[in-house]
Amino acid sequence: MSPAPIFAIADCNNFYASCERVFQPKLNGKPVVVLSNNDGCVIARSNEAKALGIKMGAPYFKIEQYAKQEGIAVFSSNYALYGDMSQRVMQILASFAPRSEVYSIDECFLDFTGLPQNLTEYSLEVCTVVKQWTGIPISIGIAPTKTLAKLANRLAKNGHSHMGPVLDWRTIADTDAVLKTIALDDLWGISRRWKDKLNQIGIHHALALKQSDPKYLRQHFGVVMERIVTELKGISCIALEEMPTPKKQILTSRSFGERLSDYDDLRAAVTHFATRSAEKCRQQQLTTQVLSVFIHTSPFDTANPQYANSATIEFDRPTSNTSQLIAAAQQGLKRIFRRGFSYQRAGILLPDLWSANVAQISLFDSGESNLRSDQLMTALDDINRKHGKRSIRYASEILSKRWQMRQQFKSPSYTTNIKELLTIQI
DNA sequence: TCTGGGGTCCTAGGACCC
DNA sequence: TCTGGGGTCCTAGGACCC
């Protein structure tokens, strides 16, 4: 019989805020927040910012005054930096376990099954090494199921562990007493709506959920809830997934820095999104059979007329060719664009992806023209990698820049752009 | 004036076939 | 033409995650 599984989840504390601090150590101990794209709302907060009452998702314009008054350091999001820091952290974490699963930009599941070490001490060492080598503080939760590991991690983060940033669920004397104190929406996979629905049938905390009948819950909530209950009981049914599963869809979309009503501005935006989508496809060695382009006005702008529409274009054969995606995107946009609206957002969705290797070749295709266009795309990607993103672009993308995001407080891309290296003055 | 972006999974219901 | 069951495929929408 194989040993009972042991999962750990390592989670970077306030990840985006911590990344910014690595390069500005004077911000240690100070409140820091990071804003979403377009500097719209708060998506990451240091502990000090949380203590000041800054809420996750708070619109920036509503807290701007307060932030200034309290001396909160504010950053636009810098995904080049966070992505690169994430890779460094993940690489270190993976070296501490036979198997690992990168779960999100700041979280990684580790398989600790059968390790001979004292797992609490071992995990404390992992935290120390990650902090020393990257500057990023992490917490680790350990348990027989992913759901309980996530919970243990949360408890450790909130200071409920005697071992600092690490909590092994199995060292807790009375786990049911702990579960009784846990709100339903503090569990992985349960959000406000389900919490309310569970409340309605008399389930008010994690212990009550654990003790309820999985089959009954399956009928009313589906198989996802059944799994959560089973995992709370300590029976693992959500496995570690080492191999990242190939993407099933690719979405590239943005809110604009300002409202747009001109066709040419939207065309430039949509061209950019199509270009990015094609690049993502090629990076992941995928091709797409279908492209869908959508535009809409702001749902918050109730004073003006609303409009939203999308158009879907099918290709003769699956492709990842930038020119083809742009052509389709512009064709679709022409179909759905209406004059007289203030557009807030547009995007490109590729909902039907194929592995580039198994892409079917249509009967009437000449193999040679495919090869030539593949070579052209490879050359394009190479040049842009070597000389910086966007060195070579399609003309219709650069006709307008008005759609671009507001990023008032963006830090340099210290680790990914040679021109933005950290400089130190002595 | 100002409210993110990119995903996944599951389910229900309709269309269609045998 | 009618009746009925069972299966598959597709899509839209709802729920969740970070």
Side-chain angles (χ1 to χ4, degrees), chain A residues 9-16 33-45 55-65 67 74-79 82-83 86 101-109 146-147 150 153-154 184-198 217-228 237-238 241 244-259 273 276-277 280 284 286 289-290 292 294 296-304 310 312 314 342 344-353 405-409:
Chain A
I9 180 142
D11 188 329
C12 301
N13 302 347
N14 315 325
F15 182 54
Y16 298 167
V33 302
V34 179
L35 304 178
S36 65
N37 281 335
N38 269 317
D39 298 338
C41 54
V42 173
I43 54 169
R45 306 157 295 159
K55 296 273 179 282
M56 190 70 168
Y60 178 60
F61 72 91
K62 285 191 182 166
I63 61 153
E64 190 176 359
Q65 277 312 312
V74 176
F75 292 91
S76 304
S77 34
N78 182 347
Y79 288 103
Y82 311 149
S86 170
E101 170 191 345
V102 176
Y103 175 67
S104 74
I105 194 165
D106 66 340
E107 289 170 274
C108 183
F109 283 106
K146 280 184 165 181
T147 303
K150 286 280 282 187
N153 184 295
R154 188 188 187 93
L184 291 167
D185 53 352
D186 283 344
L187 293 171
W188 187 40
I190 298 187
S191 191
R192 265 295 299 276
R193 273 197 197 82
W194 274 11
K195 177 194 175 181
D196 293 345
K197 214 176 146 191
L198 284 165
L217 287 169
R218 179 178 186 137
Q219 280 174 5
H220 290 78
F221 294 84
V223 66
V224 175
M225 185 67 81
E226 184 188 24
R227 282 192 203 124
I228 294 172
C237 55
I238 305 174
E241 285 171 35
T245 47
K247 289 264 179 291
K248 292 174 182 164
Q249 59 174 49
I250 287 175
L251 174 68
T252 309
S253 96
R254 292 276 179 287
S255 308
F256 308 132
E258 53 181 300
R259 303 278 186 264
F273 301 149
R276 274 301 297 145
S277 302
K280 289 182 192 172
Q284 299 169 45
L286 296 168
Q289 179 76 55
V290 174
S292 167
F294 61 86
H296 61 72
T297 54
S298 168
F300 295 102
D301 186 5
T302 45
N304 288 304
S310 68
T312 300
E314 188 152 352
S342 294
Q344 175 235 8
R345 180 190 184 81
I348 299 286
L349 178 67
L350 310 178
D352 187 15
L353 299 171
M405 297 187 286
R406 278 188 311 273
Q407 291 192 311
Q408 215 184 324
F409 318 105

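Chain letters run A, B, ... following the sequence lines, proteins first and then strands; every chain starts at 1.
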Tell me whether the ring of A/W188 lies stacked over the C/dC17 base, given a 5.5 Å limit on centroids and a 30° limit on the plane angle. no
At under 4.0 Å, does any side-chain N or O of A/R227 touch on OP1 or OP2 of B/dC10? yes
So does A/S253 get a side-chain nitrogen or oxygen closer than 4.0 Å to the phosphate oxygens (OP1/OP2) of B/dG6? yes
Describe the nucleic acid contact of A/E258 in one word from base, sugar-phosphate, nothing, applying a heavy-atom distance below 4.0 Å. nothing
Choose from C/dC17, C/dC18, B/dG6 the nucleotide whose nearest atom is closest to any side-chain atom of A/E107. C/dC18
Nearest-neighbour nucleotide for the A/W194 side chain, B/dG7, B/dT3, C/dC16 considered: C/dC16
Judged by atom type as modelled, is there a donor-acceptor pair below 3.5 Å linking the side chain of A/S191 to the main-chain atoms of A/R193? no
Is the distance between the ring centroids of A/F273 and A/F294 under 6.0 Å? no
Taking the six-membered ring for Trp, are the ring centroids of A/Y82 and A/Y16 within less than 6.0 Å of each other? yes
I want to check one thing: is the phosphate of B/dG4, taken as OP1 and OP2, less than 4.0 Å away from some side-chain N or O of A/R345? no
Under the salt bridge (Lys or Arg N to Asp or Glu O under 4.0 Å) rule, what do A/E107 and A/K150 come out as? Steps first, then yes or no, please. CA-CA 10 Å; A/E107 289 170 274; A/K150 286 280 282 187; 2.3 Å; yes
Do the side-chain N or O atoms of A/R193 get closer than 4.0 angstrom to the phosphate oxygens (OP1, OP2) of C/dC16? yes
Quick check on B/dG6: is either OP1 or OP2 less than 4.0 Å from any side-chain nitrogen or oxygen of A/T252? no
B/dC18: pairing nucleotide in any strand, Watson-Crick or G-U under 3.5 angstrom: C/dG5
Within less than 4.0 Å of OP1 or OP2 of B/dC9, is there a side-chain N or O belonging to A/K248? yes
